[in-house]
Amino acid sequence: HTGQGQLWSGGSGHAYNSLLGGNKWFETHPEYYAMVGGQRRAFYGEGATSGQICTSNPDVIDICTKSALASKADIVSLSPNDGGGFCECEKCRALDVPSNLISWDGKPMVALTDRIFTFANEIARRVAKEQPEKKLGHFCYTFFKQPPAGITDLSDNLVLFFTQGCHWFRDPEIKKQCRGYIDGWFKFGNPMVSREYYGLIYWHGMPNVHTRLIEEDIKYLKARGFVGLNSEMCRDFATHGPNYYLAARMLWDTSLTRRQV
């Protein structure tokens, strides 16, 4: 909230709604929006921030590129809206790699990483030609957290925000999976930021203090070459103050330990 130590403005938040300009195109160009169950679906929900776009549509790429170029932020987000509802049209599905599987709700499904980063890559390359100083932020998250299988190069101006909660690492298998994903993304050579959950609305203010895991992970991120960290937090300093305070201190000085703090 104070912006202390923030070198760049902007970030990687859910952005398809703002990039396309909301539902203003839906009546005249429903093909700009995701096809779900055989029908094009407009953005919906509070603020019309749910639902997705047709990322293989050339006009959509043009519109989103213009939005990115018009933004004054140092890092312009290209991340999908939150949740599901991704396009099921033939062109979008053709960009998926059938062998690149993830587990979702206990079932295998094809990761959407290749289609989503094909879209992001194209916009990033166009932006780089006109505004080479501008960065584009993108989540590595949910259906596109696993690295792509068919893409061999990412545009240098893409900053990857890898979503993880180090409190998950009480389970060593989840920790191993996350670290494996990180290794896969680092092969592209793009700057990486950890997008954390030191506080989470779903905890309803109940304590989930995990300072040992925070200490271990910040030291790992520093050694691995991450360029930064941002985190979801809540108005719950009474229960999660130790998480927030330790992270703030260690992000300023990663040589500290939690016992010193």
Side-chain angles (χ1 to χ4, degrees), residues 1 3 8-57 59-89 92 102 104-105 109 111-113 115-120 122-124 127 134-145 158-165 193-204 230-236:
H1 287 292
W8 296 325
S9 64
S12 62
H14 304 293
Y16 279 2
N17 172 278
S18 59
L19 287 171
L20 192 62
N23 283 326
K24 69 179 184 180
W25 302 103
F26 189 71
E27 288 190 11
T28 55
H29 291 283
E31 71 275 13
Y32 291 177
Y33 299 79
M35 177 181 285
V36 180
Q39 294 184 327
R40 297 289 175 174
R41 181 185 291 180
F43 297 134
Y44 59 95
E46 185 177 353
T49 55
S50 296
Q52 309 294 345
I53 59 179
C54 183
T55 52
S56 64
N57 186 294
D59 291 341
V60 170
I61 296 172
D62 289 342
I63 292 167
C64 293
T65 299
K66 290 176 182 176
S67 293
L69 288 168
S71 173
K72 301 300 182 183
D74 298 316
I75 305 177
V76 181
S77 178
L78 301 180
S79 296
N81 292 337
D82 207 2
F86 287 90
C87 191
E88 298 169 358
C89 80
C92 282
I102 61 172
W104 195 259
D105 284 340
M109 69 165 283
L112 304 183
T113 321
R115 71 157 76 177
I116 288 171
F117 277 87
T118 296
F119 170 76
E122 179 60 28
I123 293 175
V127 169
K134 181 169 282 184
K135 304 293 184 184
L136 291 307
H138 205 295
F139 281 146
C140 305
Y141 177 62
T142 59
F143 309 105
F144 44 97
K145 187 171 187 173
L158 278 171
V159 180
L160 306 176
F161 287 72
F162 184 83
T163 60
Q164 64 166 24
V193 175
S194 177
R195 204 299 191 174
E196 257 285 356
Y197 301 92
Y198 293 149
L200 198 57
I201 58 172
Y202 306 114
W203 300 341
H204 300 291
N230 66 19
S231 178
E232 191 162 316
M233 297 181 180
C234 301
R235 296 175 181 175
D236 56 359

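Quick note: numbers below take in every heavy atom, side chains included, and nothing from hydrogens, waters or symmetry partners.
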Chemist: Supply the atom-to-atom distance Glu196 CD to Phe162 CZ, rounded to the nearest 0.5 angstrom.
Modeler: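 Answer rounded to 0.5 Å: 10.5 Å.
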Chemist: Can we call the ring centroids of Tyr141 and His14 under 6.0 Å apart?
Modeler: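 Yes.
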Chemist: Is there any salt bridge (Lys or Arg N to Asp or Glu O under 4.0 Å) pair reaching into residues 59-70, and which pairs are they, with sequence neighbours excluded?
Modeler: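 Listed once each, the pairs are Asp62-Arg126.
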Chemist: How would you list, by chain and number, every residue that makes a side chain to side chain donor-acceptor pair (under 3.5 Å) with Glu232, sequence neighbours excluded?
Modeler: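 With sequence neighbours excluded, Glu232 shows a side chain to side chain donor-acceptor pair (under 3.5 Å) to Arg195, given in chain and number order.
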Chemist: Side chains of Phe119 and Ile61: does their closest heavy-atom pair fall under 4.5 Å?
Modeler: yes
Chemist: To the closest 0.5 Å, what do you measure between CZ (Phe144) and CD1 (Ile116)?
Modeler: 5.0 Å
Chemist: If I take atom CG from residue Asp236 and atom CH2 from residue Trp203, how far apart are they, to the nearest 0.5 angstrom?
Modeler: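 If we round to the nearest 0.5 Å, Asp236:CG and Trp203:CH2 are 8.0 Å apart.
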Chemist: Would you say the side chain of Val127 lies within less than 4.5 Å of the side chain of Leu69, judging by non-hydrogen atoms?
Modeler: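 Yes; the side chains approach each other to less than 4.5 Å.
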Chemist: Tyr197: what forms a ring-ring contact (aromatic ring centres under 6.0 Å, His included) with it, not counting sequence neighbours?
Modeler: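 If we apply the ring-ring contact (aromatic ring centres under 6.0 Å, His included) test to Tyr197, skipping adjacent residues, there are no hits.
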Chemist: Applying ring-ring contact (aromatic ring centres under 6.0 Å, His included), can you list everything that pairs with Trp104, at least two apart in sequence or on another chain?
Modeler: Phe143
Chemist: Using the side chain to side chain donor-acceptor pair (under 3.5 Å) rule, collect all pairs that involve residues 33-48, keeping only residues at least two apart or in two chains.
Modeler: none
Chemist: Return the set of residues passing side chain to side chain donor-acceptor pair (under 3.5 Å) with Lys134 (not counting sequence neighbours), or none when no residue passes.
Modeler: Gln131
